[in-house]
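Residue numbers count from 1 along this sequence. As the structure lists them, so they are numbered: ligands from 1, and atoms in each ligand from 1.
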Amino acid sequence: MKAIEVDAYGDSDELSVVDVPTPEPDAGEVRIDIESAGINFGDIMQRRGHYPGGPDAPYVPGMEAAGTVDAVGDGVEDLSEGDRVVGMLDTGGYAEYVTAAADLLFPIPEAMSFDEAAGFPVQFLTAHACLFEWGGLEEGESVLVQAAAGGVGTAAVQLASNAGAEVFGTASTQEKLDLAAELGCDHPINYTETDFREVVDKETDGEGVDLVLESVGDDVFERSLDAMAHFGRMVTYGVASGVPAEVSNQRLLFENKTVKGFHLGQASMHDPSRVMQAVPELTEGLAGGDLEVILGESFALEDAAEAHQYIEDRKSSGKVVLKP
Ligand SMILES: NC(=O)c1ccc[n+]([C@@H]2O[C@H](COP(=O)([O-])OP(=O)(O)OC[C@H]3O[C@@H](n4cnc5c(N)ncnc54)[C@H](OP(=O)(O)O)[C@@H]3O)[C@@H](O)[C@H]2O)c1
């Protein structure tokens, strides 16, 4: 089968098309004939070699794939050939076929396309966990979402708005801000022109926001702390800048601020029920039209390098997928 390999850690030109044997499912696994593979920013961090515990090169990247079950391993009882499924993977999604643990797959609701399904698990489970289970967001509170027009960002804006929060969101272009606004962002902020802290101060009478979803790192992390209210909370879940940030314990204690970290893969490994409990609510929201997977560009599998570069150049909004 055709797959994409990261030959060595580095830039997007380290992604190449290879021919590899089609995998066979082990016990407890199924093989998926992939229709759409989600690209996550984490794939780029892994490719750069900046992802703690990431795979050693060479490897086939891809943490998320949607398709049809085409072979079933021993001991799998509730899935059969022909079922439409989507799931989270360690690696291997940038390919024509992948094997996956049956208990980490969800059936794709009838009304959902394969592309929408490939954009669902990582971004919606991450956004939901960061806002509610980790961030404790409640109706009437305010939340600042960094990278509000991105994959996780578009999910977070919708979920926060539907929950009755006042939503601040940052992005780098007017087009992205328009998208965030359409999804329920009350205060879209172009951070290339305006300091998000100034907007937050103005709109909250200098108090700051109750919660920040922070995924950039570097100085955005510290400035997000500045934009938080006394007793405010932050959930940090990404380092898109590639520059990890540090926090002063003295600052946190004097300002009564809380910073929590969230990592979907690690959380799913240590206590899957804590993140998976949101699946029924999310699939219902998606099926009923309260939530929408925002699809960005789609690329042919062979063009994975171009797709990575597109995301790294900050051209993407919503979910970017690969089509084998
Ligand atoms: N912890 C977890 O379990 C988990 C799960 C999923 C994703 N994540 C993290 O969440 C973040 C969003 O992931 P995603 O897949 O949905 O990606 P994404 O938001 O679609 O893309 C990243 C966005 O970050 C913004 N950005 C700001 N500074 C950047 C920089 N220096 N380089 C590149 N982009 C920059 C860009 O938006 P603007 O152009 O608007 O600035 C860009 O479009 C990433 O940091 C990712 O690693 C974490």
Side-chain angles (χ1 to χ4, degrees), residues 12 37-48 50-54 61-64 88 90 93 118-131 133-135 144-158 169-181 183 185 188-194 196 212-221 223-224 234-245 260-270 272 274-275 278 293-297 307-322:
S12 57
I39 302 186
N40 287 289
F41 203 86
D43 302 345
I44 291 166
M45 307 287 288
Q46 288 187 345
R47 193 208 67 219
R48 291 177 182 160
H50 293 168
Y51 200 87
M63 307 175 184
E64 202 172 30
M88 293 185 287
D90 278 343
F120 159 57
V122 173
Q123 39 189 71
F124 274 89
L125 288 175
T126 300
H128 193 282
C130 289
L131 287 170
E133 287 82 7
W134 268 247
L144 167 63
V145 179
Q146 301 291 5
V152 179
T154 50
V157 167
Q158 294 177 69
T170 65
S172 63
T173 66
Q174 191 55 47
E175 202 182 347
K176 290 186 180 193
L177 293 163
D178 289 345
L179 170 63
L183 298 174
C185 178
I189 308 166
N190 186 333
Y191 67 85
T192 67
E193 293 170 356
T194 312
F196 59 80
V212 180
L213 259 55
E214 208 297 282
S215 60
V216 180
D218 203 4
D219 65 314
V220 176
F221 179 91
R223 294 194 294 114
S224 296
M234 176 198 288
V235 181
T236 175
Y237 65 100
V239 193
S241 63
V243 184
K260 283 188 182 178
F262 175 77
H263 189 272
L264 180 67
Q266 291 293 328
S268 309
M269 220 155 54
H270 285 83
R274 282 190 71 174
V275 286
V293 176
I294 304 302
L295 292 172
E297 207 76 8
H308 269 211
Q309 199 54 52
Y310 183 76
I311 296 172
E312 289 178 274
D313 291 343
R314 305 190 198 186
K315 291 183 180 155
S316 65
S317 1
K319 185 71 174 187
V320 179
V321 297
L322 290 176

Participant: Is there a side-chain contact between Glu214 and Arg223 in this structure, where contact means two heavy atoms from C-beta onward sitting under 4.5 Å apart?
Facilitator: no
Participant: Below 4.0 Å from any atom of ligand 1, is there a heavy atom belonging to Met45?
Facilitator: no
Participant: So Phe262 and Thr126, side-chain contact (heavy atoms from CB on, under 4.5 Å) or not? Walk me through it.
Facilitator: CA-CA 8 Å; Phe262 175 77; Thr126 300; 3.9 Å; yes
Participant: Is there a polar contact between ligand 1 and Tyr237, counting only N or O atoms under 3.5 Å apart?
Facilitator: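 For ligand 1, there is an N or O atom that lies under 3.5 Å from one belonging to Tyr237.
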Participant: Among side-chain atoms of Gln146 and Thr170, is any donor-acceptor pair under 3.5 angstrom?
Facilitator: yes
Participant: Can you sort out which atoms of ligand 1 are near Val122, meaning under 4.0 Å from one of its heavy atoms?
Facilitator: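 By the 4.0 Å cutoff, the relevant atoms are 5 (C), 6 (C).
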Participant: Of all the atoms in ligand 1, which lie at a distance below 4.0 Å from a heavy atom belonging to Phe262?
Facilitator: 1 (N), 2 (C), 3 (O)
Participant: Report, as yes or no, whether the 6.0 Å neighbourhood of atom CG on Asp90 holds more than 12 heavy atoms from other residues, nucleotides or ligands.
Facilitator: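 Open.
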Participant: For ligand 1, which atoms sit closer than 4.0 Å to a heavy atom of Gly150?
Facilitator: 18 (P), 19 (O), 20 (O)
Participant: If you measure from CD1 on Ile44 to NE2 on His50, what distance do you get to the nearest 0.5 Å?
Facilitator: 12.5 Å
Participant: Using a strict cut-off of 4.0 Å, indicate which atoms of ligand 1 neighbour a heavy atom of Asn40.
Facilitator: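 Near Asn40, the atoms of ligand 1 are 15 (O).
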Participant: Taking NZ, NE, NH1 and NH2 as the nitrogens, is one of them in Glu312 or Arg47 under 4.0 Å from a carboxylate oxygen of the other?
Facilitator: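 Looking at Glu312 and Arg47, the cut-off is met.
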Participant: Are any of the N/O atoms on Ser215, whether in the backbone or the side chain, positioned under 3.5 angstrom from an N/O atom of ligand 1?
Facilitator: yes
Participant: Going by atom types only, do Ser316 and Glu297 share a side-chain donor-acceptor pair under 3.5 Å?
Facilitator: no
Participant: Which residue and non-hydrogen atom of the protein lie closest to atom 31 (N) of ligand 1, and at what distance in Å?
Facilitator: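 For this ligand atom, the closest protein heavy atom is Arg314 NH2, 2.9 Å.
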Participant: What atoms in ligand 1 come closer than 4.0 Å to a heavy atom of Val239?
Facilitator: 45 (O)
Participant: What part of Val216, side chain from CB on, backbone N/CA/C/O, both or neither, has a heavy atom under 4.0 Å from ligand 1?
Facilitator: side chain
Participant: Taking only non-hydrogen atoms of Lys176, do any sit less than 4.0 angstrom from ligand 1?
Facilitator: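 Flag set, Lys176 near ligand 1.
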Participant: Compare Asp43, Val152, Val220 and give the one whose heavy atom is closest to atom 7 (C) of ligand 1.
Facilitator: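 Among Asp43, Val152, Val220, the closest heavy atom to atom 7 (C) of ligand 1 belongs to Val152.
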Participant: Look only at interatomic distance and state if Phe41 has a nitrogen or oxygen under 3.5 Å from any nitrogen or oxygen of ligand 1.
Facilitator: yes
Participant: Please determine if Leu264 has a nitrogen or oxygen closer than 3.5 Å to a nitrogen or oxygen of ligand 1.
Facilitator: yes
Participant: Any donor and acceptor pair, going by atom type alone, linking the side chain of Asp178 with main-chain N or O of Glu175 inside 3.5 Å?
Facilitator: no
Participant: Would you say Ala171 has any N or O atom under 3.5 Å from an N or O of ligand 1, going by distance alone?
Facilitator: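 No, there is no polar N/O contact under 3.5 Å.
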Participant: Among all protein heavy atoms, pick the one closest to atom 23 (C) of ligand 1 and tell me residue, atom and distance.
Facilitator: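 Of the protein heavy atoms, Ala147 CB, 4.0 Å lies nearest.
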Participant: Charged N to carboxylate O under 4.0 angstrom, Glu64 versus Lys319?
Facilitator: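 Salt bridge: yes.
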Participant: Hey, does the side chain of Thr194 reach the backbone of Phe196 with a donor-acceptor pair shorter than 3.5 angstrom?
Facilitator: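 No, the answer is negative, given that no donor and acceptor are paired below the 3.5 Å cut-off.
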